[in-house]
Visitor: 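Here's a structure for you.
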Amino acid sequence: MEKKTDVLQGTLDLMVLQTVDSLGPMHGYAIAARLEQVSKGALQLNMGTLYPALMRLEQRGLLQARWGTTDNNRRARFYELTRAGGHELAREKEDWDRMTAIMQALLRGEA
Amino acid sequence: MRAVREFLVRLAGTLRWRRGDPDLEEELRSHLAFAEEEARRRGEPARAGRLRAGSATSALDAVRDQSHLAWLDAIRLDVVFAWRQLIRYRAANAVAIASLGLAIGATTAAARLVDAMLLRPLPVADPARLIAVTIAPGSGPTAEPRHDFDYPTYREYARAVGDRADVMVVGSAARQLVAVRPGDEPEPIFRQFVSGNVFGVFGLQPAEGRLLTPADDDAPGAHAVAVIGYNWWTRRLGADPGVIGRTIHIGDAAFEIVGVAPQGFTGTEPGTITDIFVPATMNVAALDSPGWSWFLLWLRPRAAESAVTLQQLLQTRFPNDNPRVESAEAGVSGAQQTFRRPLLILMGLAVIVLLVACANVGNLLSARAIGRSREMSLRISIGAGRGRLMQLVLIESLMLAVIASGVGVVFASYASPVVVAMLSQPDRPVQLMLESGWRALGFGVALTLAVTLMFGLLPALRASASKPLETLKATGSAPGPGAGTWSLIGLQVALSTFLLVAGALFAGTFGHLMTRELGFSFEQVLLLVVEATGEQSAATWRDVARQVSQVAGVEYASVAGWAPLSGNRWHGEFHVPGMSDRKVEANVVDVAPSYFDALRIGLLYGRDFAAGERDVAIVNETFARVLFDGGSPIGRRVLRHMGKDSSLTPVTIVGLVRDAVYMSVRESPTATMYVPLEPRPGGTMIVRTSGPPASMAPVIRRALAAAYPSLRVRGAERLGALVDQQMVKERLLAALSTFFATVALIIAGLGLYGVLNGTVLRRRREIGIRIALGARTADVVRGIAAHALLPVLPGVAAGVAAGVVFGRAARSMLFEIVPGQPASFVPPLVFLAMAVLVATLPPAVRASRIDPAATLRSE
């Protein structure tokens with residue numbers, strides 16, 4: 001149980017940053033919905049997982065948030081990438097690519 | 001960096017102390033609204049959307065965990081809890097805080113003094129590279145190294161050192177009379193001569209005007225300029241920038257003020273604050289006088305050199321001087337040499353008081369921890385980690401320590417100036433910059449933490465070692481004080497005994513000195529150092545004394561070469577003609593008539609000198625005993641061998657007087673011969689007044705000035721001040737060591753009382769049963785007393801032993817009291833026994849009064 005969240009936490013940050021980067025400023029629910037959609041329903045985030053992650057990224061200065069209104073005039077808090085967030089995202093993507101390459105090579109070789 | 005940022009934001013989040021976060025709540029509400037909307041769009045009930053989104057409350061908790069620092073929150077809770085504990089046991093805590101605060105205050109005050117006098121680096125550039133040169137000419141193994149130099153020697157040394165180091169003349173701070181405005185009554189200030197490079201080497205910037213430069217110091221007597229100290233400038237001149245360019249008169253010489261030294265720089269002698277700095281070459285008369293030593297030689301090695309290489313160089317060049325170097329980082333002063341040992345001893349004694357207080361508070365908290373073992377066990381059972389329990393108890397300890405430190409700092413800020421005043425004499429003030437900002441703060445924090453660990457660690461470990469099963473199973477009374485508690489009591493007793501013994505040694509020393517028969521009476525005696533323009537005949541000096549003795553308020557006046565305790569001495573060897581194998585080494589004191597009246601030195605046989613007499617002498621008892629086996633010396637003749645001007649004219653003894661000390665209040669009776677005053681250019685007037693002597697000084701000055709305009713009074717001092725000055729260290733040590741011993745004894749007594757009382761309360765049932773079964777009161781009381789004596793006896797033995805060892809090591813500071821002799825430890829033991837009795841009696845009485853019926857009923 002614990003291990004699962006540990007893995008999730010590392011990748012969740014990357015997923016959130018990537019989502020905000022590709023789709024521009026968006027609110028928490030939209031981020032969760034987007035992740036659910038991309039994972040074809042495999043990844044469902046409840047508020048207790050999503051918002052601490054958003055706060056952590058904000059505390060680290062990777063995201064910044066401000067209140068705004070949606071297309072259908074609802075108030076929501078919109079998150080967008082900071083410059084530091086952009087750098088961090090690029091670095092983490094690179095790490096991720098390297099890691100998956102290694103894992104793929106390893107798993108294929110083993111199989 | 002990211003981690004630091006996150007930490008800071010979370011820290012801020014914790015400190016904001018916010019229970020709810022409206023922003024966050026609104027954000028979660030909007031999230032739920034989106035979820036419901038989405039659910040509706042899919043044709044599901046809104047509840048399904050809410051379910052998917054999860055619980056808002058748990059999300060709030062999760063976010064709060066992220067927004068706060070969990071451990072800091074825990075600490076906050078512990079602080080609140082500890083505060084409640086402090087309030088709950090406020091009586092016991094008040095005693096603990098008071099005793100701890102007093103001990104911390106004493107330690108802090110002592111540390112401030114030690115720092116200001118001995119440790120704090122001078123506020124100059126690179127103080128660690130400053131070195132002072134000492135020389136020990138005549139370089140036997142016994143030759144005392146001295147700091148003072150004369151100018152011709154300085155020139156030689158400066159040439160030898162060349163450009164390997166900056167060579168500085170750092171004058172001894174000397175008391176001078178200065179008139180700020182013409183016609184002002186001259187006031188005493190401290191003046192230092194300095195070479196022109198000193199301020200530059202020290203890297204100082206003026207507060208006003210400019211500082212001295214090498215150009216101010218390039219020719220004898222050429223630059224009558226002065227830089228004044230910041231302290232004097234603000235204290236006496238109202239920090240007026242307009243003083244630059246003003247002329248002041250130091251003695252007869254006029255100086256132009258050119259600048260103000262920076263704030264914080266008080267000269268180079270801890271213990272003295274220099275008011276005026278003057279170029280060394282203004283001391284014209286001294287520049288070509290070998291043997292006139294008036295300054296210290298300081299060096300700052302240049303790049304490739306070091307203290308070691310410079311010492312080697314000087315030793316090679318001046319082997320006869322045996323030059324050595326020592327660090328001048330914290331300045332160099334006579335006060336440092338005088339007070340180094342007493343201050344360090346006091347610091348040590350204060351730390352021992354602190355240990356006693358810590359042991360006491362440690363016991364108190366331990367007892368409380370035992371009392372709370374059920375609570376602790378409960379905490380463990382419901383999942384508190386042992387680390388968390390330690391944290392809880394340590395935080396309580398820390399809060400106690402912080403409050404006590406606050407009390408201590410306030411106490412120290414009052415106590416340190418009092419102690420500085422105890423170091424001072426009216427004529428020789430000791431001035432110290434006690435405030436040291438960051439150093440004091442750092443010391444305070446370190447001390448608080450150290451104290452917390454000292455008394456808090458044991459109770460914390462004890463709390464964390466709670467065994468829930470055993471404690472919760474056990475009913476009835478909690479376990480009694482363990483071996484740890486009793487050994488802490490033993491430690492307190494040992495340390496208090498040690499302090500008592502040390503205090504008795506110092507108090508005894510001071511007492512012996514105070515009550516010692518000096519042989520003369522110093523009350524109401526005024527000394528005036530008088531200088532004439534040239535040698536004056538004995539008749540003239542007798543006349544001066546006669547004039548002064550006619551001033552109203554003067555009982556007797558006489559003149560001597562030097563006064564007793566002046567630190568100057570003339571001595572020689574004497575024998576009876578024809579018996580040159582039997583010699584006596586004696587002080588020779590030249591005096592005018594009435595010397596013995598003025599000092600009230602008892603005349604046993606014979607008579608005082610008559611006017612114009614020669615080749616006569618008056619001797620003291622020791623002289624007569626050594627040379628005449630106690631027979632009457634009157635009319636006997638002795639020969640004096642006086643070094644190079646050996647006189648073979650025998651002198652006839654006309655009087656016998658009582659022994660009196662001459663050089664030191666500690667000296668044993670020394671053979672002394674008084675001879676009639678000879679023609680001399682100056683002397684010391686010894687004046688017995690009928691009123692307070694200090695108030696007579698101006699009157700006598702005026703009378704002298706009117707009768708003898710050519711005489712100058714260089715200084716006026718009470719003889720009592722010279723006596724006091726010889727006992728400053730003893731008074732300081734006696735007063736403070738007995739104070740410390742008293743405090744420690746009270747604390748230890750309270751501690752013993754507390755533990756015994758707790759024992760009686762806890763064993764109430766057992767004692768009740770015993771009494772019910774017929775135990776006699778005496779047995780019960782004896783049982784309690786035995787409890788007390790178990791740790792007390794070994795503690796006393798250890799304390800006395802340590803006190804004797806300490807006394808032996810400090811023997812040079814003692815007088816007529818021998819460590820280890822009964823007189824040195826019996827009085828302390830009496831005090832100790834009284835304290836133990838007072839601490840033991842109430843619990844014993846309480847035990848004996850236990851009513852078995854009532855006790856058993858209450859169970």
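This one's a predicted model, so the numbers in the text were calculated from it and none came from an experiment.
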Visitor: What part of B:Ser55 lies closer than 4.5 angstrom to a heavy atom of chain A: side chain, backbone, both or neither?
Guide: backbone

Visitor: Return yes when atom CG of A:Leu35 has more than 12 non-hydrogen atoms of other residues, nucleotides or ligands closer than 6.0 Å, and no otherwise.
Guide: yes

Visitor: Using a 6.0 Å cut-off, check whether atom CZ of B:Arg42 has over 12 heavy atoms from anything other than its own residue.
Guide: yes

Visitor: Heavy-atom pairs under 4.5 Å with chain A: which of B:Arg52, B:His31, B:Glu38 has the most?
Guide: B:His31

Visitor: Quick check on A:Arg74 against chain B: is it the side chain, the backbone, both or neither that has a heavy atom closer than 4.5 Å?
Guide: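 Only the side chain of A:Arg74 comes within 4.5 Å of chain B.
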
Visitor: Among B:Ser58, B:Ser30, B:Ala53, single out the residue with the greatest number of heavy-atom pairs under 4.5 Å to chain A.
Guide: B:Ala53

Visitor: Does the side chain of A:Asn72 reach to within under 4.5 Å of the side chain of B:Glu37, using non-hydrogen atoms?
Guide: yes

Visitor: Of all heavy-atom pairs between B:Ala56 and A:Met47, which one has the smallest distance, and what is that distance?
Guide: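 Smallest interatomic distance, heavy atoms only, reads CA-CE, 3.7 Å.
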
Visitor: Looking at every non-hydrogen atom in both residues, tell me the closest pair between A:Pro52 and B:Ala62 and how far apart they are.
Guide: CG-CB, 3.6 Å

Visitor: Apply side chain to side chain contact (heavy atoms under 4.5 Å, CB included) to residues B:Leu24 and A:Met55 and explain how you reach the verdict.
Guide: CA-CA 10 Å; B:Leu24 177 64; A:Met55 175 165 262; 5.6 Å; no

Visitor: Specify the closest pair of heavy atoms between A:Trp67 and B:Glu27, including all atoms of both residues, with the distance to one decimal.
Guide: CH2-N, 3.7 Å

